[in-house]
Amino acid sequence: MTFTQFKKSAIFDYVQIIVGSAFVGLAFTIFLLPSRIAAGGVSGISTIVYELYGFNPAYVQWLINLPLLILGLVLVGKDFSWRTIVGTFFVPFFIFLTTDINVPIHNPLLSSIYGGIMLGIGLGIVYRGNGSTGGTALIAQVLKKYTNFSSGFAQLIVDGAVVIISAFVFDLELALYAMMAIYVTSKVIDFVQLQTSPTKLILIITEQEEKVQTLINTELNRGLTKVKSLGGYSNQEKTMILCVVEQSEAIYFKKIVQEQEPTSFVIFLNASEILGRGFSRAQYDD
């Protein structure tokens, strides 16, 4: 089995779920729990229970997730639920294994930022494996399935509700830090799922298509796509050229196009992910 085939297999999905669960567990143990940040979800609930009664967060999460697994089986399907079972087991398992790790980070600001980043990375990897870590993450996935929300935004809604409730147990300041952590987590989840790359989509509307095409080919060594367009004001036919470049190339191209073809209308857009043959230099030169 080649690596490409392995990446498309169900085994790779389960590997991603386990690896992502490890990040989630470490984020909870290292950053969130010591700083008393209830960053939504079952982990937030277990943080509150630990503060009030001293119960082991791993056991609390296992107990709460059991009925939610039944919900996932009914609403999402058997295949997803098996993946959810793996995530639901391994997140508390890694929390249980790392309980004795003592990292001297008790600053709630640092914990909310870096805990949110690590949590987002973990959940993003789990979601890329078509899985869930159970709890309210499962509810967020159900919400995503029946709405047009992204995974990150669905997670933000569900966890936000939990934090509002937790504000009555912890002080308002810690609840605000928890909201910060949730926001960071939601953005990192979408970043990981989209595999956002530092690339730019350049749209050039010009009457000098040959000149612009030559600039792109000779200065950037990139491919391009030409689309015939009609000016809304002048009603004249023009050419719109689409080209995807790296961040540094975009800066360089902006300079040369201003110098050599200043009459062209140029738009730079962020491109989150580029798929298909032709983007990298090696592919283009082939």
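Just so it is clear, the values below take in all heavy atoms, side chains as well, and ignore hydrogens, waters and symmetry mates.
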- Derivation and outcome, side chain to side chain contact (heavy atoms under 4.5 Å, CB included), residues L220 and Y252: CA-CA 9 Å; L220 302 180; Y252 175 66; 4.0 Å; yes

- Item | Closest heavy-atom pair and its distance - P57, L33 | CG-CD2, 4.0 Å

- Query: Same cluster or not: are I121 and V15 linked, directly or through other Ile, Leu, Val, Met, Phe, Trp or Tyr residues, by side-chain heavy atoms under 4.5 angstrom apart?
  - Reply: yes

- Query: Who are the salt bridge (charged side-chain N to carboxylate O under 4.0 Å, His left out) partners of E209, not counting sequence neighbours?
  - Reply: K226, K228

- Take I241 and T225 through the side chain to side chain contact (heavy atoms under 4.5 Å, CB included) test and state the conclusion after the steps. CA-CA 6 Å; I241 298 176; T225 299; over 6 Å; no

- Sequence neighbours excluded - salt bridge (Lys or Arg N to Asp or Glu O under 4.0 Å) pairs with any residue from residues 41-59: R36-E51

- Message: Less than 4.5 Å apart, side chain to side chain, heavy atoms only: is that true for I189 and Y127?
- Response: yes

List the atom pairs, donor and acceptor, that lie under 3.5 Å between side-chain atoms in residues 161-176 and the rest of the protein, sequence neighbours left out.
residue: S166; atom: OG; partner: V163; partner atom: O; Å: 2.7
residue: D171; atom: OD1; partner: E173; partner atom: N; Å: 3.1
residue: D171; atom: OD1; partner: L174; partner atom: N; Å: 2.8

- Item | Residue pair A27 / L119: nearest heavy atoms and the distance that separates them | CB-N, 3.7 Å

- Heavy-atom pair of closest approach, residues K211 and E261: CD-OE1, 3.5 Å

- Message: For residues 108-117, which residue pairs pass the side-chain hydrogen bond (donor to acceptor under 3.5 Å, both in side chains) check, not counting sequence neighbours?
- Response: S35-S111

- Taking the side chain as every heavy atom from C-beta outward, state whether L32 and T47 have any pair of such atoms under 4.5 Å apart. no

- Item | Donor-acceptor contact present, side-chain T206 to main-chain Q208, <3.5 Å | yes

- Evaluate the side-chain proximity of L52 to I48: yes if any heavy-atom separation is below 4.5 Å, no if none is. yes

- Message: I'd like to know whether I202 forms a side chain to side chain contact (heavy atoms under 4.5 Å, CB included) with V245, so could you lay out the CA-CA distance, the side-chain angles of the two residues, the decisive distance to 0.1 Å, and finally the verdict.
- Response: CA-CA 8 Å; I202 305 177; V245 300; 3.7 Å; yes

- Task: Look at atom CZ of F23 and say whether more than 12 heavy atoms of other residues, nucleotides or ligands are closer to it than 6.0 Å.
- Result: no

- Task: Output every pair passing ring pair (Phe, Tyr, Trp, His ring centres under 6.0 Å) with a member in residues 26-57, not counting sequence neighbours, ordered by first then second residue.
- Result: Y53-F55

- Gap between atom CD1 of I117 and atom NZ of K187 - 0.5 Å precision: 14.0 Å

- Query: Do F89 and I18 sit in the same hydrophobic cluster, where Ile, Leu, Val, Met, Phe, Trp and Tyr count as joined when their side-chain heavy atoms come under 4.5 Å apart?
  - Reply: yes

- Task: Evaluate the ring planes of F96 and Y59, with Trp represented by its six-membered ring, and classify them as parallel (under 30°), tilted (30 to 60°) or perpendicular (over 60°).
- Result: tilted

- Message: Less than 4.5 Å apart, side chain to side chain, heavy atoms only: is that true for N65 and V42?
- Response: yes

- Could you tell me which residues satisfy salt bridge (charged side-chain N to carboxylate O under 4.0 Å, His left out) with E207, sequence neighbours excluded, listed by chain and number? none

- Message: Going by salt bridge (Lys or Arg N to Asp or Glu O under 4.0 Å), E249 matches just one of K254, K255, R222. Which one?
- Response: R222

- Note: K200 and A250 closest approach over all heavy atoms is CG-CB, 3.8 Å

- Value for OG (S46) from CD (Q61), rounded to nearest 0.5 Å, stands at 4.0 Å

- To the nearest 0.5 Å, tell me how far M179 CE sits from T185 OG1. 11.0 Å

- What distance separates T99 OG1 from F94 CZ, expressed to the nearest 0.5 Å? 12.5 Å

- Side-chain heavy atoms under 4.5 angstrom apart, residues restricted to Ile, Leu, Val, Met, Phe, Trp, Tyr: same cluster for L224 and F253? yes

- Polar side-chain atom of S43 near backbone of A39 as donor-acceptor pair, under 3.5 Å: no

- Beyond-backbone contact of V212 with S264, side-chain heavy atoms, under 4.5 angstrom: yes

- Query: Does T29 reach the main-chain N or O of L26 with its side chain, forming a donor-acceptor pair under 3.5 Å?
  - Reply: no

- Item | Student check: side-chain heavy atoms of F265 and L203 closer than 4.5 Å | no

- Item | Side chain proximity check, V227 to L242, heavy atoms < 4.5 angstrom | yes

- Query: Is V60 linked to L66 within one hydrophobic cluster, defined over Ile, Leu, Val, Met, Phe, Trp and Tyr using a side-chain heavy-atom separation of less than 4.5 Å?
  - Reply: no

- Would you indicate whether the side-chain heavy atoms of L230 and Q236 approach each other to under 4.5 Å? no

- Query: If every non-hydrogen atom of F90 is compared with every non-hydrogen atom of S21, which pair is closest and at what distance?
  - Reply: CB-CB, 3.9 Å

- Message: Please determine whether residues V192 and I113 belong to a single hydrophobic cluster, defined as Ile, Leu, Val, Met, Phe, Trp and Tyr linked transitively by side-chain heavy-atom distances below 4.5 Å.
- Response: yes

- Message: Looking at every heavy atom in both I216 and C243, which two are closest together, and how far apart are they?
- Response: CG2-SG, 3.8 Å

- Task: Evaluate side chain to side chain contact (heavy atoms under 4.5 Å, CB included) for Y177 paired with L109, printing each intermediate quantity in order.
- Result: CA-CA 7 Å; Y177 279 121; L109 178 59; 3.8 Å; yes

